Each structure stands twice: as C-alpha cells, then as structure tokens.
A.B. asks: 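I am attaching a structure below and will ask some questions about it afterwards.
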Amino acid sequence: MSSQVSTSRGLHPPGKLGTFESPHAWPLPAPTAQPEAGRGDDQEVRLLSVAWNQDCGCFAAGTSNGFRIFNCEPFKETFRRDLKSGGFGIVEMLFRCNILALVGGGSNVQYPPNKVMIWDDHQSRCIGEFAFRSDVRAVKLAKDYIVIVLERKIFVYNFTDLKLLYQIDTLSNPKGLCCLSHHSNTSVLACPGVHQGHVRVEHFGLKMAKTIPAHDSHISCMSLTMDGLLLATASSKGTLIRIFNTMDGTRLQEVRRGLDKAEIYSIALSPNVQWLAVSSDKGTVHIFSLRVRVAGEDASSEQRALEGPRMDHQNSSSSIDPLIQANTGSNASSSLSFMRGILPKYFSSEWSFAQFHLPEVTRYIVAFGAQNTVMMVGLDGSFYRCSFDQVNGGQMLQKEYFRFLKSDNPPFRTAAA
C-alpha cells in the first residue's frame, strides 16, 4: 500500500504552536474551499465523529460542514470552522495546539476519505497532505509522530519533516483501532496484530515490539495509559475487559462488563491508573477499580529511565488491599467467588464498581475528569458529566448535561480508542 506525501514550507514542531483558547479569534483563509469561521444552522448539521484530545481536556467534533472544538471544564464551544463544500469524518487534535489532522467525510467533495490533511489553523493553511489508495480509518497525533491507520496497514511519520518511519501490518482493522502514549519519557503504540485477538505493541524508544494474545475473538476496542505501560482491551464478544503490562505482555487483571454480547464503544483509563471506564451498546457506562500500579512511583524520572518501566500486580483478592488507597472501594464479585477454580470462571469475575445508565441509545466515548468524575460524549450531540463515590460505588450521579449540537440526523462514527 503506497502513499504520497506533500508538504508546505514552514512546518514547525508542535511545541511552538499557538492554542485553541479564544473562540473565533483566528484569521480567515482566503480560498473558499478551505475552512472558514462562522456559524451555520445546527438543524442542517450532521455529527460525523467525536474524539478526545490527548489529555481529555477538550474534544473535537467533525460535522457535515466542518469541525468544532469544545472545552470540557467548564463546558463550552471554543472554536469552529465551517465549510461550504462538505465536512470531516476524522478530526484529530494535538493537545490544545492549533495543528489538526483532518480527513474528509460525509458529502465532502474537497477532501476525499483517502487523504489526510495536516491543518495549521494559526496560519489558516494546509502544511502537509498524505494520500493513499484506500480510505483512512483513523489518525493519531503525538508530539513526535503522525500515525495514519488504513484497514490493513499503519504508517508512522516523523512530525517535523513528515518522513515515513515505520510501516506496520495488521489484521483487517475497519474500526481503525490504534493507541498512542503521550508521556515525555515513553513512545508506545498499540494496534491489532496480524492474528485474530492479538495486539501488537511497539515501544519506539526502546526499539522493541511485543505481541500480546489478548483474546480469542477479534479485538473491538483498546486503550493505553498516558505512559503506555498499561493496555486495556475488549473483544468482539464485549463481556470481558483485560488489562496487560505492555512491557512483557503479562495479564494483570480481568473484569466483566456483563454476560450478554455487546459492542464496546470506548475504554478509558484514569490518569492515576486507579479506575477504568467502559461504554457499550447496552447503554450503561461501567466503572471498574484497578488493582495494578507502577513500581517505584516515588523514584526519580532519571532512575526510572535507567531501570526501565516495571509493573506490579496482584492476582488474588486477598492481596488487593495494599494496592488500593484507603478511601477507595473494590469491584463487586459473586458470593461464590471463594470457590474459584471449582465453579465456572463466571463466578470468580470482578463486576463493575459504579454504573451510569444513559437514556439515549447512541455511541458514547468516555473519559475521566477531575475529582472522580466521568465525561461522556455522544454522537447524538450530548455531553454528560457524572461523579461516582470512590468508596461505595453504585449508581453515578449526573452533574451536568449539555446538548452541544442539535441535529435529527443519525451519526455514524466515533473515533477509535
């Protein structure tokens, strides 16, 4: 699968760029085919995609006539660009800087779905473009990398000069599943492997690759921690979520969403690696307590870099307490879990610690906010913020609800986790 790359002069490292801070403050581009700031009629706008930025402090919404950026706390629209010639099915942010990756979607005739445009909104122009022979399934951005996902191949480019660094073969990946770490000391990528149920993990900094046999069925969703040391996966069955050490592939924990088959829409790991959130087509967001930790958390960054990342885990419920803070609870389990190894595996499962039932039947992506809160963004244009009791768990409390895009048209895509 070949690609063509075109660049414009003036490509800058991401760290030197401006930020999306004030709404509608950017200069307008001259050509009418390029994004223009403005306000359209929301009744005619269809939501094509939603995707968090790297720290989940804001999210991008690709629409049938452009894109919009929303801040999460406080919740508000901070920026938008409207097109006259169509919209974007993929909008990927790089934290809060003014560089975005855009892929055409819907009825966009200007930018087809097989091209990625690297857009600098500060300069109001395209600074790079990638063209492929097949449709782009996902794009991921990091400080040093641009990752473009096709159905059976992933291309990794250097952000500064757009030179191709790696090509990774995958099994058929129509969802564009791919994760990138966003830590200054680690560069980790996770994607489907070449065999069913396997995940390939690339540690770019260590020049090491690891294949993890995560599930028997196809991988349907995955998520990395910010440092890339933990990986959470779900299969097409959608009943179990598994957490792995990406360094050696060890399975650290397994939690159960439910008994019935479900499509997992999103998996999120909290920044403190204490909680895991899952959304699915069953309409319930589940929160699980994690019992894994990074060893030597108090060590200096230099010492950790020399020793390499290590992961501690506990497999027996009797060993959970030392790894859980005094003010947190643990996942629910069957009253017959003491007969582990005798009864079927179901009876020893860990069930969710907290739950929230969504009234709408639509795709939601989830992320953790501040102070034990969980944010949910739906492809119906809805935003929820809920809190959970970190000691007792149970039903989450809805704190906020916003309808950020009012549209009767059915959406069709969420960004892969």
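Since the model is a prediction, treat every value here as computed from it, not as a measurement. The figures that follow rest on heavy atoms only: side chains count, while hydrogens, waters and symmetry mates do not.
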A.B. asks: Please verify the inter-ring angle class for Y157 with F155; under 30° counts as parallel, over 60° as perpendicular, anything in between as tilted.
C.D. replies: parallel
A.B. asks: The test is ring pair (Phe, Tyr, Trp, His ring centres under 6.0 Å); show your working for Y384 and Y401 and say whether it passes.
C.D. replies: CA-CA 5 Å; Y384 288 89; Y401 169 80; 4.9 Å; yes
A.B. asks: Output yes when a side-chain donor or acceptor of T78 lies under 3.5 Å from a complementary backbone atom of I69, and no otherwise.
C.D. replies: yes
A.B. asks: For V103 and P112, which heavy atoms make the closest approach, and how far apart are they?
C.D. replies: CG1-O, 4.3 Å
A.B. asks: To the nearest 0.5 Å, what is the distance between CG on L358 and SG on C386?
C.D. replies: 7.5 Å
A.B. asks: Is it the case that over 12 heavy atoms from other parts of the model lie below 6.0 angstrom from the CG atom of D216?
C.D. replies: no
A.B. asks: Rounded to the nearest 0.5 Å, what separation is found between the CZ atom of R200 and the CG atom of L189?
C.D. replies: 9.0 Å
A.B. asks: Could you tell me if the side chain of R385 sits less than 4.5 Å from the side chain of E73, heavy atoms only?
C.D. replies: yes
A.B. asks: Hey, is the main chain of K140 close enough, under 3.5 Å, to the side chain of E92 for a donor-acceptor pair?
C.D. replies: no
A.B. asks: Work out which heavy atom in D120 is nearest to a heavy atom in H122; give both atom names and the distance.
C.D. replies: OD1-N, 2.9 Å
A.B. asks: So does R133 get a backbone contact from the side chain of N114, meaning a donor-acceptor N/O pair under 3.5 Å?
C.D. replies: no
A.B. asks: Test your reading of the model: is there a side-chain donor-acceptor pair from H183 to the backbone of N185, 3.5 Å cut-off?
C.D. replies: yes
A.B. asks: Please answer whether the main-chain N or O of G228 pairs with a side-chain N or O of T246 as donor and acceptor at a distance below 3.5 Å.
C.D. replies: yes
A.B. asks: Can you find a heavy atom in the side chain of H286 that is under 4.5 Å from one in the side chain of I241?
C.D. replies: no
A.B. asks: Show your reasoning for whether side-chain contact (heavy atoms from CB on, under 4.5 Å) applies to F159 and K143.
C.D. replies: CA-CA 7 Å; F159 209 125; K143 181 173 64 72; over 6 Å; no
A.B. asks: Restricting to non-hydrogen atoms, name the atom on L150 and the atom on V136 that form the minimum distance, rounded to 0.1 Å.
C.D. replies: CD2-CA, 3.9 Å
A.B. asks: Please determine whether ring pair (Phe, Tyr, Trp, His ring centres under 6.0 Å) holds for the pair Y166 and F204, giving the CA-CA distance in whole Å, both sets of side-chain angles, and the decisive distance to 0.1 Å.
C.D. replies: CA-CA 10 Å; Y166 308 97; F204 294 133; 4.7 Å; yes
A.B. asks: Is there side-chain contact between Q54 and L94, with at least one heavy-atom pair below 4.5 Å?
C.D. replies: yes
A.B. asks: Give a yes or no answer on whether the side chain of Q355 reaches the backbone of S352 with a donor-acceptor pair at less than 3.5 Å.
C.D. replies: yes
A.B. asks: Compute the centroid of each ring, for F404 and then for F383, and state whether the two points are separated by less than 6.0 Å.
C.D. replies: no
A.B. asks: If every non-hydrogen atom of W351 is compared with every non-hydrogen atom of G258, which pair is closest and at what distance?
C.D. replies: CZ3-CA, 3.8 Å
A.B. asks: Assess the residue pair V199 and F244 against the criterion (side-chain contact (heavy atoms from CB on, under 4.5 Å)); give the C-alpha distance rounded to whole Å, side-chain angles, the decisive distance to 0.1 Å, and a yes or no.
C.D. replies: CA-CA 10 Å; V199 176; F244 298 90; over 6 Å; no
A.B. asks: Distance from Q196 atom CD to S236 atom OG, nearest 0.5 Å?
C.D. replies: 7.0 Å
A.B. asks: Can you find a heavy atom in the side chain of H182 that is under 4.5 Å from one in the side chain of D55?
C.D. replies: no
A.B. asks: Tell me if the NE2 atom of H357 is crowded by more than 12 foreign heavy atoms within 6.0 Å.
C.D. replies: yes
A.B. asks: Is any side-chain heavy atom of T186 less than 4.5 Å from a side-chain heavy atom of H203?
C.D. replies: no
A.B. asks: Pick from K282, K237, R363: which one makes a side chain to side chain donor-acceptor pair (under 3.5 Å) with E263?
C.D. replies: R363
A.B. asks: Any chance you could lay out the side-chain contact (heavy atoms from CB on, under 4.5 Å) test for F356 and V374, step after step, and finish with the verdict?
C.D. replies: CA-CA 10 Å; F356 181 72; V374 179; over 6 Å; no
A.B. asks: Do the side chains of C178 and V147 get nearer than 4.5 Å, heavy atoms only?
C.D. replies: yes
A.B. asks: Do L290 and Q274 come close enough that some side-chain heavy atom pair is under 4.5 Å?
C.D. replies: no
A.B. asks: Could you walk me through whether F67 and D121 satisfy the side-chain contact (heavy atoms from CB on, under 4.5 Å) test, starting with their C-alpha distance in whole Å, then the side-chain angles of each, then the deciding distance to 0.1 Å, before giving a yes or no?
C.D. replies: CA-CA 12 Å; F67 66 88; D121 209 87; 4.0 Å; yes
A.B. asks: Quick one: pull up CG in L180 and CG in L224 and give me the separation to the nearest 0.5 Å.
C.D. replies: 8.0 Å
A.B. asks: Determine whether E350 and Q253 satisfy the following criterion, side-chain hydrogen bond (donor to acceptor under 3.5 Å, both in side chains), listing intermediate values before the conclusion.
C.D. replies: CA-CA 9 Å; E350 293 184 51; Q253 191 174 351; 3.1 Å; yes
A.B. asks: Taking Y364's backbone N and O only, do any of them form a donor-acceptor pair with S279's side chain (distance below 3.5 Å, no angle check)?
C.D. replies: yes
A.B. asks: Looking at R257 and S280, would you say the former's side chain and the latter's main chain have a donor-acceptor pair under 3.5 Å?
C.D. replies: no
A.B. asks: Between atom CD1 of I287 and atom CH2 of W275, what is the distance when rounded to the nearest 0.5 Å?
C.D. replies: 8.5 Å
A.B. asks: Taking the side chain as C-beta and beyond, is there a heavy-atom pair between S181 and D227 under 4.5 Å?
C.D. replies: no
A.B. asks: Say you draw a straight line from CH2 of W119 to CD1 of I99; how long is it, rounded to the nearest 0.5 Å?
C.D. replies: 10.5 Å
A.B. asks: S270 side chain to F368 main-chain N or O, any donor-acceptor pair under 3.5 Å?
C.D. replies: no
A.B. asks: If I compare all heavy atoms of G197 with all of I219, which pair ends up nearest, and what's the gap?
C.D. replies: O-CD1, 3.5 Å
A.B. asks: If you compare all heavy atoms of D389 against all heavy atoms of F353, which two are closest, and at what distance to 0.1 Å?
C.D. replies: O-CE2, 3.1 Å
A.B. asks: Please confirm whether the ring centroid of F59 lies under 6.0 Å from the ring centroid of F70.
C.D. replies: yes
A.B. asks: Does any N or O in the side chain of T250 come within less than 3.5 Å of the main-chain N or O of L252, such that one atom is a donor and the other an acceptor?
C.D. replies: no
